[in-house]
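Below is one structure, written out as structure tokens; the observations come after it.
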Amino acid sequence: MGKEPVRVLVTGAAGQIGYALVPMIARGVMLGPDQPVILHMLDIPPAAEALNGVKMELVDAAFPLLKGVVATTDVVEGCTGVNIAIMVGGFPRKEGMERKDVMSKNVSIYKSQASALEKHAAANCKVLVVANPANTNALILKEFAPSIPEKNITCLTRLDHNRALGQISERLNVQVSDVKNAIIWGNHSSTQYPDVNHATVKTPSGEKPVRELVADDAWYENGLLLISIILFGLSTLKCSHKLHGEFIATVQQRGAAIIKARKLSSALSAASSACDHIRDWVLGTPEGTWVSMGVYSDGSYNVPAGLIYSFPVTCRNGEWTIVQGLSIDELSRKKLDLTAEELTEEKALAYSCLS
Ligand SMILES: NC(=O)C1=CN([C@@H]2O[C@H](COP(=O)(O)OP(=O)(O)OC[C@H]3O[C@@H](n4cnc5c(N)ncnc54)[C@H](O)[C@@H]3O)[C@@H](O)[C@H]2O)C=CC1
Ligand SMILES: O=C([O-])CC(=O)C(=O)O
């Protein structure tokens with residue numbers, strides 16, 4: 001007998017990530033080629049017509065694995081019975097808005113959607129928050145859905161992880177599938193720390209450390225370059241492609257570089273990375289490979305407990321575990337702490353919006 005369908009919620013489904021993501025889910029990219037799915041697509045009333053258009057296209061595409069589509073602007077209907085929730089919907093920053101204004105809008109969205117998930121989702125529902133500020137939205141969701149186990153609430157840093165693998169593959173001219181174990185530490189923001197100290201590449205003579213193969217510390221980090229990007233912005237980043245020292249800054253600033261090029265933020269890569277995140281979480285990471293996920297910190301690596309922070313994790317039987325015992329050098333320690341400080345500030349700001 002075939003498998004029971006899994007119900008997957010995508011919020012913000014009429015938006016650009018949603019439009020890239022739902023066909024991937026319906027095709028089996030997220031949960032495997034033998035796993036039927038029922039898609040729940042939630043958006044807000046002004047997007048109802050567009051959402052219905054997406055539903056029409058899903059029907060037209062005749063995906064064999066797609067066993068049903070719920071397209072709704074009703075949060076309760078959207079959340080009812082879902083096994084997996086991908087939270088893409090949110091309020092984007094508009095001209096003239098302060099960070100606090102955006103935070104305040106998203107805090108109230110994630111508070112109310114947390115309550116709906118808590119009351120109406122299936123037991124053991126797994127949640128992935130994509131919408132920015134992703135880590136802090138996930139933290140708010142966790143706070144207001146206390147009966148969802150904290151291990152089930154995560155945020156997307158897999159896009160940053162995949163960006164790091166992509167940069168290494170370009171630098172070394174190797175297949176991206178031969179590169180593994182990069183790490184994104186911390187926030188899905190420009191303070192994130194893309195760490196290649198433990199990353200390796202499969203070569204004909206075995207696995208080799210990326211740092212040994214690159215053999216150029218300046219490619220990895222160049223303090224002057226970072227400072228000039230902070231001071232002079234993206235035009236410096238553009239020039240930096242000709243320079244060494246670009247890896248960390250390129251990964252940290254990749255989202256902004258895509259916006260500059262496309263006039264829209266990353267969508268296909270975000271959707272694909274969301275599929276990678278859920279697939280590895282549900283079906284497991286390959287032996288000897290870890291991935292980056294934003295998860296609830298238990299204090300590992302002296303990261304303050306109680307933040308949603310990106311760590312290296314392995315997954316087995318539907319559970320993630322933080323990879324322990326990695327050496328952290330002095331430079332890395334500073335970067336782990338810097339991004340934790342930003343998350344602590346975001347958390348305080350989010351809580352101030354609640355009061
Ligand atoms: N974590 C990550 O790696 C990445 C995160 N993002 C973030 O993902 C989010 C979505 O990006 P896009 O799809 O490009 O944006 P978009 O603006 O194209 O789509 C967002 C959708 O969310 C909907 N929405 C707004 N409030 C909602 C609510 N309360 N409930 C349900 N839906 C709601 C909007 O109507 C819209 O259809 C943004 O916050 C973006 O910054 C984008 C790229 C990567
Ligand atoms: O930078 C943005 O606004 C979109 C985003 O999160 C990314 O591409 O990583």
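Counting starts at 1 for both ligands and their atoms, in listed order. Because the structure is predicted, anything quoted here is derived from the model rather than measured.
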Below 4.0 Å, non-hydrogen atoms only: which portion of Ser265 touches ligand 1? Side chain, backbone, both or neither.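 Just the side chain.
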Which part of His188 is near ligand 1, with near meaning a heavy atom under 4.0 Å away: side chain, backbone, both or neither?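 The answer is the side chain.
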Name the closest protein heavy atom to [atom], giving the residue it belongs to and the distance to 0.1 Å.
{"atom": "atom 27 (C) of ligand 1", "result": "Ile44 CG2, 3.5 Å"}
{"atom": "atom 19 (O) of ligand 1", "result": "Gly15 CA, 3.3 Å"}
{"atom": "atom 26 (N) of ligand 1", "result": "Gly90 O, 3.7 Å"}
{"atom": "atom 41 (O) of ligand 1", "result": "Asn132 ND2, 2.7 Å"}
{"atom": "atom 11 (O) of ligand 1", "result": "Ile17 CD1, 3.4 Å"}
{"atom": "atom 10 (C) of ligand 1", "result": "Val88 O, 3.3 Å"}
{"atom": "atom 6 (O) of ligand 2", "result": "His188 NE2, 2.6 Å"}
{"atom": "atom 44 (C) of ligand 1", "result": "Leu159 CD2, 3.7 Å"}
{"atom": "atom 32 (N) of ligand 1", "result": "Gly12 N, 3.4 Å"}

Just by modelled atom types, is the [Y] backbone N or O under 3.5 Å from a matching donor or acceptor in the [X] side chain?
{"X": "Lys142", "Y": "Asn152", "answer": "no"}
{"X": "Thr11", "Y": "Gly89", "answer": "yes"}
{"X": "Asn83", "Y": "Arg7", "answer": "yes"}
{"X": "Thr72", "Y": "Glu77", "answer": "no"}

Taking all heavy atoms of [X] and all of [Y], pick out the closest pair and write down the distance.
{"X": "Ala134", "Y": "Cys155", "answer": "O-CB, 3.6 Å"}
{"X": "His161", "Y": "Trp290", "answer": "CE1-O, 3.8 Å"}
{"X": "Pro133", "Y": "Asn106", "answer": "CD-ND2, 4.3 Å"}

Nearest non-hydrogen atom to atom 36 (C) of ligand 1 belongs to which of Asp160, Asp43, Thr72, Val130?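 Looking at heavy atoms only, the winner is Asp43.
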Regarding atom 1 (O) of ligand 2: of the candidates Gly255, Ser189, Ser266, which has the closest heavy atom?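 Result: the heavy atom closest to atom 1 (O) of ligand 2 is in Gly255.
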Under 4.0 Å, counting heavy atoms only: does Arg158 come that close to any atom of ligand 1?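 Contact absent.
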Determine whether any heavy atom of Ser266 lies closer than 4.0 Å to an atom of ligand 1.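 For ligand 1, residue contact (heavy atoms, under 4.0 Å) with Ser266 is present.
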In terms of relative ring orientation, are His277 and Trp281 parallel, tilted or perpendicular, with 30° and 60° separating the classes?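 Perpendicular.
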Could you list which atoms of ligand 2 come closer than 4.0 Å to a heavy atom of Arg163?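 Listed by number with element, the hits are 7 (C), 8 (O), 9 (O).
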Under a 3.5 Å cutoff, is there a donor and acceptor pairing between the side chains of [X] and [Y]?
{"X": "Asn187", "Y": "Glu342", "value": "yes"}
{"X": "Gln324", "Y": "Tyr301", "value": "no"}
{"X": "Gln192", "Y": "Thr157", "value": "no"}
{"X": "Ser205", "Y": "Lys208", "value": "yes"}

Look only at interatomic distance and state if Ser265 has a nitrogen or oxygen under 3.5 Å from any nitrogen or oxygen of ligand 2.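 In fact, backbone or side chain, Ser265 has no N or O that close.
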What atoms of ligand 1 come closer than 4.0 angstrom to any heavy atom of Gln113?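 Taking each heavy atom of Gln113 in turn, ligand 1 has 28 (C), 29 (N), 30 (N), 31 (C) under 4.0 Å.
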Which atoms of ligand 1 are found less than 4.0 Å from any heavy atom of Ala131?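 Answer for ligand 1: 7 (C), 8 (O), 9 (C), 39 (O).
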What I want to find out is whether Asp337 reaches Arg333 closely enough, with some N-O distance under 4.0 Å, to be called a salt bridge.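 The answer is yes: the pair qualifies as a salt bridge.
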Within 45° of the six-membered ring axis of Tyr220 and under 6.0 Å from that ring's centre, is NZ or CZ of Arg211 located there?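 Here Arg211 passes the 6.0 Å and 45° test against Tyr220.
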How long is the span from the CZ atom in Arg279 to the CD1 atom in Ile25, to the nearest 0.5 Å?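 Arg279 atom CZ to Ile25 atom CD1 measures 13.0 Å (nearest 0.5 Å).
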What do you think, any protein heavy atom under 4.0 angstrom from atom 17 (O) of ligand 1?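 It does not; no protein heavy atom is within 4.0 Å.
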Is [X] near ligand 2, meaning one of its heavy atoms is under 4.0 Å from it?
{"X": "Ile259", "answer": "yes"}
{"X": "Asn132", "answer": "yes"}
{"X": "Arg254", "answer": "no"}

Short N or O distance, Thr11 and ligand 1, threshold 3.5 Å exclusive: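 No.
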Contact (N/O only, under 3.5 Å) between Ile109 and ligand 1: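 Between Ile109 and ligand 1, no N or O pair is found under 3.5 Å apart.
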